[in-house]
Amino acid sequence: MHKEWTDCKELMERTANTLTDDTLRLLFVSVQQNNIDLCASHAVRRCVEIQMETWSSAQASKLGQLHGTASGHG
């Protein structure tokens, strides 16, 4: 469970099936859904950050090349 390539699907399913109180079961499922939403939101945010960093680095590199070319002619 603590390893990156493992998941808790079976544990979550057994826990949900073990809970006898409907309200408690709904709360458990809701919390798990929120965890999934939070993970997905974080993953999307991180991908955007990486893309922005990559784009910024590429733009800085292009500007450096343009600046180097322009100063070479001057």
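Quick note: residue numbers are just sequence positions, from 1.
Within the structure, the salt bridge (charged side-chain N to carboxylate O under 4.0 Å, His left out) test picks out no pair touching residues 54-66 (sequence neighbours left out). Residue pairs satisfying the side-chain hydrogen bond (donor to acceptor under 3.5 Å, both in side chains) criterion with at least one member in residues 27-40, sequence neighbours excluded, are listed as follows: Gln33-Asp37.
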Tell me which donor-acceptor pairs under 3.5 Å the side chains of residues 12-19 have, and how far apart each pair is, sequence neighbours excluded?
residue: Arg14; atom: NE; partner: Glu10; partner atom: OE2; Å: 3.2
residue: Arg14; atom: NH2; partner: Glu10; partner atom: OE2; Å: 2.8
residue: Thr15; atom: OG1; partner: Leu11; partner atom: O; Å: 2.8
residue: Asn17; atom: ND2; partner: Glu13; partner atom: O; Å: 3.2
residue: Thr18; atom: OG1; partner: Arg14; partner atom: O; Å: 2.6

Please list, one pair per line, the donor and acceptor atoms closer than 3.5 Å that link side chains of residues 50-58 to other protein atoms, with sequence neighbours excluded.
residue: Thr54; atom: OG1; partner: Ile50; partner atom: O; Å: 2.9
residue: Ser56; atom: OG; partner: Met52; partner atom: O; Å: 2.9
residue: Ser57; atom: OG; partner: Glu53; partner atom: O; Å: 3.1

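In terms of heavy atoms, Asp21 sits closest to Leu24 at OD2-N, 2.9 Å.
Scanning for side chain to side chain contact (heavy atoms under 4.5 Å, CB included) contacts around Asp22 gives Arg25, with sequence neighbours left out.
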